[in-house]
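Written below as structure tokens is the structure these notes are about.
The residues of the chain are indexed from 1 along the displayed sequence. We count ligands from 1, going down the list as the structure has it; atoms in each ligand are counted the same way.
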Amino acid sequence: MSQGTGGFGGLKPLQIIGDGEQGLAAPVGTPVAAVAEGRTRAKVIIVGSGPAGLTAAIYAARANLEPIVLGGYAAGGQLMITSEVENFPGFPDGIQGPELMDRMRAQAERFGAVVVDVDVDRVDLSRRPFLLWAGGIEYEAQTVIVASGASAIWLELESETRLRGRGVSACATCDGFFFRDRRVVVVGGGDSALEEALFLTKYASEVVMVHRRDQFRGSRIMQERALSNPRVKVVWNSQVVDVLGEDHVTGVRLRDTATGQEHDEPTDGLFVAIGHRPNTGVFRDWLEVDGKGYLTIHDETGTRVDGVFVAGDVHDHRYRQAVTAAGDGCRAAIDAEHWLAERGLAEPATASAW
Ligand code: NAP
């Protein structure tokens, strides 16, 4: 599922790279010009264009590996639907997520990386060079770096699906604007929910946070900010069991997790912020996943397929930060470079002490 499927306008929703649920074919009309400047073979193909993918691209490009990035039809990853990023080093006044991604992309392209905004439909990792199909084009890669990220989880209610884009959203940055002076509900108790709620206070008259337990999971500073905001109200120990409304959201039905009692809470919008799922769709048949469905890594950034490396949220359900994803992308690119050099497929360019 896409994180920004509100459909009210705003930023383009995040398209999943290789999410089995959404169908993987590139949209009809994908321009042929989307092919990587005529190149379909590369020493490194990077799947994903969030901080992990683009940092891998910067490192691989600077090591003269001329990487191709198959970045997703809506490129940029989760930061494209994030507002202010205050914890990425080097930006003391903060930076908007989309601007940070634009800068990373420009930096990768400056060194010769080619970024193609197309989803990967299918891969074959049983042979080398590896094969990847994207937008009807077959690509060949000596090494692959999987940096396809993670996407928002939904409540899986029929009414939630029906009213998506009609008041139900998973992206306050995309859709918050449409709720000026309205009442909105945010589900979840982690940092995402707290961040969404705080963002929505810029527009909404009241933001009701609904959490299934009696304490938040999110960081203390975010909790303090939310709880001290006069526009934020919290309903503890409650689950959203239904979204009310025929053609637009008019309310949510809440169930008390202790007593089982239900009541309706009027609202104009429902923002779901209950976590993420890794985008492993096209790789699931080839690479190992852990109990939560995230890719398993071997020997730092490697996988069970020699020559395939992993970076970012697609394997990391612990840190999930832009800066850790970027660091991961760097590591995967250096590992890919060494792998190629050891096989005489590239000149060693990055010095290492190991
Ligand atoms: P998260 O930490 O996994 O929190 C998910 C929240 O949703 C939890 O409170 C969970 O409840 C609730 N939840 C899960 N499934 C639910 C369901 N079916 N119905 C109702 N509630 C449900 O996810 P996250 O908030 O997306 O954060 C993920 C990671 O990114 C964290 O490490 C976080 O610190 C980081 N992050 C950081 C920032 C920042 O630094 N600015 C911003 C966003 C995220 P329980 O608490 O009961 O499990």
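Dense packing is recorded around CZ of Arg183, with more than 12 heavy atoms of other residues, nucleotides or ligands lying under 6.0 Å away. Within a 6.0 Å sphere centred on CD of Gln261, other residues, nucleotides and ligands contribute 12 heavy atoms or fewer.
Applying the side-chain hydrogen bond (donor to acceptor under 3.5 Å, both in side chains) definition to pairs two or more places apart or across chains, those involving residues 295-310 are Glu288-His298, Glu300-Arg331, Thr301-Asp335, Asp306-Trp339, Asp306-Arg343. Annotation: salt bridge (Lys or Arg N to Asp or Glu O under 4.0 Å) contacts involving residues 217-237, sequence neighbours excluded, comprise Glu86-Arg225, Lys233-Glu265.
Cation-pi geometry between Arg180 and Tyr203 is not satisfied (NZ or CZ under 6.0 Å from the ring centre, within 45° of the ring normal).
Legend: residues meeting side chain to side chain donor-acceptor pair (under 3.5 Å) with Ser126, ordered by chain and number and at least two apart, are Asp124.
Around ligand 1 you find Asn87, Leu155, Gly188, Gly189, Gly190, Asp191, Ser192, Glu195, His211, Arg212, Arg213, Arg217, Gln239, Ile274, Gly275, His276, Arg318, Arg320, Gln321, each with a heavy-atom distance below 4.0 Å.
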